[in-house]
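Along the sequence shown, the residues carry numbers beginning at 1. Here the structure is a predicted model, which means the values were calculated and not measured.
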Amino acid sequence: MAEQGQHNFRDTIGTLNEDGKRAWVFPKKPSGKWYEYRKYVSYVLLAFLLSAPFIKISGNQFLMFNVLERRFNIFGFPFWPQDFHLFVIMMIIGVVFVILFTVAFGRIFCGWICPQTIFMEMVFRRIEYWIDGDRGKQIRLSKMPWNAEKIRKRVLKWIIFFIISFLIANVFLAYLIGSDALIRYVKDGPFNHVSTLISLLIFTGVFYFVFAWFREQVCIIACPYGRLQSVLLDNKSIVVAYDHKRGEKEIGRAKFRKNEDRSTTGKGDCIDCFQCVNVCPTGIDIRNGTQLECVNCTACIDICDSMMASVNLQKGLIRYASEDNIEKKEPFKFTPRLKGYTAVLGILTAVLIGMLFLRNDIEARILRLPGQLYERKADNIISNVYTFKLVNKTIKDIDDVHFKLLSHKGTIKLVSHHDFTVKGQDLAEGTLFIEINASALKDDKDKLRIGIYSNNDLVETTTTTFLGPRSYK
């Protein structure tokens, strides 16, 4: 790997060598207080990610993102294509939430919550430490010729990585098509659902490629969030930062000599051990300042604290801090910028909650058949033909569904059936005729209000337009 100094780190990324080729990163196994905290958070989130598609609330999958059918379940609430505006608002709330925390605490989402980081660092990387060993052993194994030991370790690691990727792909598919459908396909046998099997193998290949080879390049190259944070961060944002005032002092960083008193020599507290670089999963030197490659994983904080303790210097040379805190010793403040984002987040959340409370369990659409005019019948009756669509957003069947005119006197006649049932999480479509005496019409385009009833209980109302002859205005 090309060594990044204080002057060239802005020109190259840490995962490229001097020839511009990929330089493999072999991070030292992290340990310490922050790493333990991250493990607890990661295990909780892993349990959530793996179980969420199999949890049911009132019969609804806890989380589902069925893009093909445009059906989504968020925390047990089902959302149909007619509710897409609600889904968009939730996505906007999520983006504003991430922006708010980025402005306040930097790229903390990447290091603590992002599934890519959690799976990479807490699953695949830990397996790699178990099979290949720590940083030094991994480097030696990489340079080793293909003997029996290297083949055994590589094949074992690749097999385990593939199995885990296959399991992750199954869970990912459960989010997309629903856990019930996935379990049914497994019971039916994979070869009875070849298209699903092909999709599953493609997902497995993608996950295997990401976690076995592409790795930190996802955060450095593919993910736009690293570049987004440079726009969002300011001098007041709390990030994983190196205290250059203390680490450099008058003379600068220098190797530690036994029994020396750095307070009198003018040397900085940084002993230039490079442990913060060795432990970094993206291969950067945090002492060069905030960089887009930094995912705020805190590994450098833990290793630096342990090194400071070993030479009897104060911990916190690398810590969560803002630039203003390091330069001016200013504490964290809730700035007007943060207040603005918080206000926007609060307004959007209030709007979403209000719309959720106003959301009905059944969605009704009654539209005139395109290209059809009214029909004049006997006894001065005017008839219009319509198509209707009823969406049942609940898991319970809605029985004995029928229509009634609420705004005018007239009749509604269904084509091919009378009262019917809309099954849970399903839709019903059909055609109906509305007949009204011309004397009851006020205009050539009257607005009708129609009630949808189930067992004589009004469950929804909708409106449509009724065409009549101009002579009956």
Side-chain angles (χ1 to χ4, degrees), residues 22 24-27 29-30 35 38-55 61-65 110 113-135 137-139 141-142 144 146-219 222-223 281 295 297:
R22 168 84 177 271
W24 203 265
V25 176
F26 299 98
K29 185 177 181 180
Y35 185 66
R38 282 182 59 222
K39 281 202 297 186
Y40 298 144
V41 173
S42 297
Y43 293 152
V44 171
L45 290 176
L46 276 173
F48 174 78
L49 288 170
L50 297 176
S51 62
F54 303 97
I55 297 174
Q61 187 169 311
F62 190 69
L63 286 177
M64 184 177 72
F65 306 94
C110 297
I113 303 175
C114 178
Q116 158 70 19
T117 303
I118 291 173
F119 278 112
M120 185 69 249
E121 300 302 323
M122 297 300 174
V123 178
F124 289 88
R125 193 85 77 184
R126 288 175 67 82
I127 292 172
E128 196 164 55
Y129 289 136
W130 171 60
I131 296 174
D132 293 348
D134 207 344
R135 171 181 164 81
K137 292 182 179 179
Q138 289 183 20
I139 294 175
L141 186 67
S142 176
M144 185 185 298
W146 283 93
N147 54 25
E149 179 188 0
K150 185 170 183 176
I151 293 174
R152 176 176 57 82
K153 289 185 175 181
R154 285 288 187 265
V155 171
L156 176 61
K157 184 173 71 173
W158 291 341
I159 291 174
I160 294 176
F161 280 9
F162 183 84
I163 292 173
I164 295 175
S165 298
F166 180 75
L167 294 175
I168 296 173
N170 275 272
V171 175
F172 182 72
L173 200 60
Y175 278 104
L176 294 181
I177 66 174
S179 57
D180 291 340
L182 177 67
I183 293 172
R184 185 173 69 252
Y185 291 168
V186 172
K187 290 180 179 179
D188 291 345
F191 295 105
N192 291 324
H193 304 277
V194 177
S195 60
T196 304
L197 176 62
I198 293 173
S199 300
L200 183 62
L201 293 176
I202 291 174
F203 289 145
T204 301
V206 170
F207 288 124
Y208 181 82
F209 169 75
V210 167
F211 294 117
W213 190 84
F214 205 46
R215 301 191 155 203
E216 73 284 340
Q217 302 299 304
V218 173
C219 306
C223 181
V295 294
C297 70

Derivation of the side-chain contact (heavy atoms from CB on, under 4.5 Å) call for Ile177 and Tyr185: CA-CA 11 Å; Ile177 66 174; Tyr185 291 168; 3.7 Å; yes

Steps toward side-chain contact (heavy atoms from CB on, under 4.5 Å) verdict (Phe119, Leu46): CA-CA 8 Å; Phe119 278 112; Leu46 276 173; 3.5 Å; yes

Of the non-hydrogen atoms in [X] and [Y], which two are nearest, and what is the gap between them?
X: Pro281; Y: Val25; result: O-CG1, 3.8 Å
X: Met64; Y: Gly178; result: SD-CA, 3.7 Å
X: Asn147; Y: Met144; result: ND2-SD, 3.4 Å
X: Pro27; Y: Tyr129; result: O-OH, 3.0 Å
X: Cys110; Y: Thr117; result: O-OG1, 2.6 Å
X: Ser179; Y: Pro53; result: OG-O, 2.8 Å

List the steps and the verdict of side-chain contact (heavy atoms from CB on, under 4.5 Å) for Leu167 and Val171. CA-CA 6 Å; Leu167 294 175; Val171 175; 5.8 Å; no

Using side-chain heavy atoms (C-beta onward) and a distance below 4.5 Å, is [X] in contact with [Y]?
X: Phe26; Y: Leu141; value: no
X: Met122; Y: Tyr35; value: yes
X: Arg184; Y: Lys187; value: no
X: Trp24; Y: Gln138; value: no
X: Glu216; Y: Met120; value: no
X: Arg154; Y: Ile131; value: no
X: Tyr208; Y: Phe166; value: no
X: Arg22; Y: Trp213; value: yes

Would you compute the distance between atom [atom1] of [X] and atom [atom2] of [Y] and round it to the nearest 0.5 angstrom?
X: Glu121; Y: Gln116; atom1: CD; atom2: CD; value: 8.5 Å
X: Ile163; Y: Thr204; atom1: CD1; atom2: OG1; value: 11.5 Å
X: Glu128; Y: Arg215; atom1: CD; atom2: CZ; value: 4.0 Å
X: Phe161; Y: Ile168; atom1: CZ; atom2: CD1; value: 10.5 Å
X: Ser42; Y: Ile113; atom1: OG; atom2: CD1; value: 10.0 Å
X: Ile118; Y: Leu45; atom1: CD1; atom2: CG; value: 4.5 Å

Using the six-membered ring wherever Trp is involved, compare the ring planes of Phe62 and Phe48 and label them parallel, tilted or perpendicular (cut-offs 30° and 60°). perpendicular

Are the aromatic rings of Phe172 and Phe207 close, with centres under 6.0 Å apart? yes

Non-neighbouring partners of Phe65 that pass ring-ring contact (aromatic ring centres under 6.0 Å, His included), sequence neighbours left out: none

Does any N or O in the side chain of Lys29 come within less than 3.5 Å of the main-chain N or O of Arg126, such that one atom is a donor and the other an acceptor? no

Tell me if a side-chain donor or acceptor on Lys157 pairs with a main-chain N or O of Asp132 at a distance below 3.5 Å. no

Carefully, step by step, assess Leu176 and Phe203 under the rule side-chain contact (heavy atoms from CB on, under 4.5 Å). CA-CA 12 Å; Leu176 294 181; Phe203 289 145; 3.8 Å; yes

Atom NZ of Lys137 with >12 non-hydrogen neighbours under 6.0 angstrom: no

